[in-house]
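In what follows, a structure is listed as structure tokens, so that the remarks can point back to it.
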Amino acid sequence: MDNFMDFLNRNKGAIIGIIVAVILLIFELDRLIIGIIFIVLGMFIGNYVQRNKQSVKENLKKFIDKM
């Protein structure tokens, strides 16, 4: 019994991660999570472009000229 409790204490995070992953797969929430990731990624890209307009314009111009 002590060995089992030691195992649970050492691997508590992994066990919780497995349970969360199984719940997400059961309820097919993977599409929702992927959508949220794309939204957050779009926010970061938009914020970067807004703050660095000039350098983004120059890099896009160089990229288009290479093509």
Side-chain angles (χ1 to χ4, degrees):
M1 188 67 173
D2 289 333
N3 290 335
F4 183 70
M5 292 305 290
D6 289 339
F7 173 78
L8 288 179
N9 285 333
R10 282 183 286 146
N11 299 312
K12 203 179 301 183
I15 294 170
I16 292 171
I18 290 171
I19 293 170
V20 169
V22 168
I23 290 171
L24 291 176
L25 289 174
I26 289 172
F27 292 112
E28 296 181 5
L29 295 175
D30 53 339
R31 293 180 188 161
L32 174 68
I33 292 175
I34 291 172
I36 291 171
I37 289 171
F38 278 129
I39 290 170
V40 170
L41 187 64
M43 286 172 32
F44 281 120
I45 291 171
N47 189 25
Y48 175 78
V49 169
Q50 183 179 4
R51 290 179 185 234
N52 301 307
K53 287 180 186 177
Q54 192 61 32
S55 65
V56 170
K57 283 182 185 179
E58 291 173 7
N59 289 337
L60 280 175
K61 193 173 188 179
K62 288 177 187 177
F63 179 73
I64 292 172
D65 290 340
K66 285 182 184 179
M67 295 185 121

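Being a predicted model, the structure only gives us computed values, none of them experimental.
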If I take atom CG from residue L24 and atom CD1 from residue I19, how far apart are they, to the nearest 0.5 angstrom? 12.0 Å
Enter the distance from F4:CZ to D6:CG here, rounded to the nearest 0.5 Å. 11.0 Å
Assess the residue pair I34 and F38 against the criterion (side-chain contact (heavy atoms from CB on, under 4.5 Å)); give the C-alpha distance rounded to whole Å, side-chain angles, the decisive distance to 0.1 Å, and a yes or no. CA-CA 6 Å; I34 291 172; F38 278 129; 3.5 Å; yes
Apply side-chain contact (heavy atoms from CB on, under 4.5 Å) to N59 and list each qualifying residue two or more places apart in sequence or on a separate chain. none
Cluster overlap L32 with I39, hydrophobic side-chain contacts below 4.5 Å: no
Kindly work out whether a path of hydrophobic side-chain contacts (I/L/V/M/F/W/Y, heavy atoms less than 4.5 Å apart) joins L25 to I18. no
Taking V49 as the starting point, is it possible to reach L41 by hopping between hydrophobic residues whose side chains are less than 4.5 Å apart? yes
Is it possible for you to say whether I33 and M43 belong to one hydrophobic cluster, with membership spreading through side-chain heavy-atom contacts below 4.5 Å? no
If you round to the nearest 0.5 Å, how far is CD of E58 from NZ of K61? 8.5 Å
Can you hop from I37 to F44 via hydrophobic side chains spaced under 4.5 Å? yes
Looking at residues at least two apart in the chain, or sitting in another chain, which of them share a side-chain contact (heavy atoms from CB on, under 4.5 Å) with F27? I23, L29
For N47, what residues pass the side-chain hydrogen bond (donor to acceptor under 3.5 Å, both in side chains) criterion, not counting sequence neighbours? R51
